[in-house]
Amino acid sequence: MAKDHTNFFNNVYEVVRLIPHGRVTSYGAIGHYLGSKGSARVVGWAMNASHIMDDVPAHRVVNRAGVLTGKHHFDTVNPMQERLEAEGVIVVNDKIQNLKEVYWDPTEELAL
DNA sequence: AAAGTGACTATCA
DNA sequence: ATGATAGCCACTT
């Protein structure tokens with residue numbers, strides 16, 4: 001990836017990959033950490049392309065409400081919520097119940 | 001180069 | 001409280 005025009009995606013993948021086990025974050029938080037708080041959609045877009053990378057745990061990335069908005073975008077039959085539940089996250093009806101307990105903000109945890 | 005799309009978020013009704 | 005609309009930034013065509 002010597003090209004810079006994919007740097008934004010690379011940053012997203014890097015942050016997502018750094019999400020601790022059993023933790024989740026939101027698109028806006030990642031976008032904000034990258035310097036563009038309004039780029040939540042772009043983060044989601046990066047996730048859409050993340051399927052080419054198996055090192056990107058997109059199942060740990062949810063929307064602001066803790067809802068697994070993109071669970072249907074997973075190419076596999078392995079549901080996002082089972083994966084999250086296996087990590088210790090309580091997910092019901094595609095929504096994280098203990099979001100506040102598992103929420104992980106890169107701007108607070110990484111930007112030190 | 002311009003227009004369209006999208007796994008989001010915030011605000012208004 | 002929910003539902004619809006607008007704003008946002010980067011990618012695709």
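Quick note on labels: first sequence line is chain A, next is B, and so on, each numbered from 1.
Following rounding to the nearest Å, A:Ile96 (CD1) and B:dA7 (P) show an atom-to-atom distance of 18 Å. As rounded to whole Å, 13 Å separates atom P of B:dA7 from atom CE of A:Met47. Counting to the nearest Å, the P atom of B:dG6 and the NZ atom of A:Lys71 are 19 Å from each other. Between A:Lys95 atom NZ and B:dA7 atom P the separation is 21 Å, expressed in whole Å. Computed from coordinates, the A:Arg64 CZ to B:dA7 P distance equals 19 Å when rounded to whole Å. If you take CG of A:Leu84 and P of B:dA7, they are 19 Å apart, rounded to a whole angstrom. Residue A:Phe8 contributes atom CZ, which lies 17 Å from atom P of B:dA7 at whole-angstrom precision. Taking atom NE2 of A:His32 as the reference point, atom P of C:dC9 lies 13 Å away to the nearest angstrom.
Counting any heavy atom pair closer than 4.0 Å across all strands shown, A:Ala58 reaches a base atom. Counting any heavy atom pair closer than 4.0 Å across all strands shown, A:Asn63 reaches sugar-phosphate atoms only and no base atom.
With B:dA7, C:dA10, B:dT9 as the choices, the nucleotide that has an atom nearest any side-chain atom of A:Ala40 turns out to be B:dT9. Distances from the side chain of A:Phe9 to the nucleotides B:dT9, B:dA7, C:dC11 place C:dC11 closest. The A:Trp45 side chain lies nearest to C:dC11 when the options are C:dC11, B:dA7, C:dC9.
Here the CG atom belonging to A:Asn63 is positioned 11.0 Å from the OG1 atom belonging to A:Thr25, to the nearest 0.5 angstrom. We find the NZ-NZ distance between A:Lys71 and A:Lys95 to be 15.0 Å, quoted to the nearest 0.5 Å. With values rounded to the nearest 0.5 angstrom, A:Glu85 atom CD is found 12.0 Å from A:His59 atom NE2.
Within residues 13-29 of chain A, the residues approaching DNA chain B are A:Ser26, A:Tyr27, A:Gly28, by heavy-atom distance under 4.0 Å.
A:Asp55 places none of its side-chain heavy atoms less than 4.5 Å from the side chain of A:Tyr13.
When all heavy atoms of A:Tyr27 and A:Thr69 are compared, the closest pair comes out as OH-OG1, 3.6 Å. Residues A:Phe8 and A:Ser39 share a closest heavy-atom pair of CZ-OG, 3.8 Å.
A salt bridge links A:Arg60 with A:Glu87: the closest approach of a Lys/Arg side-chain nitrogen to an acidic carboxylate oxygen falls below 4.0 angstrom.
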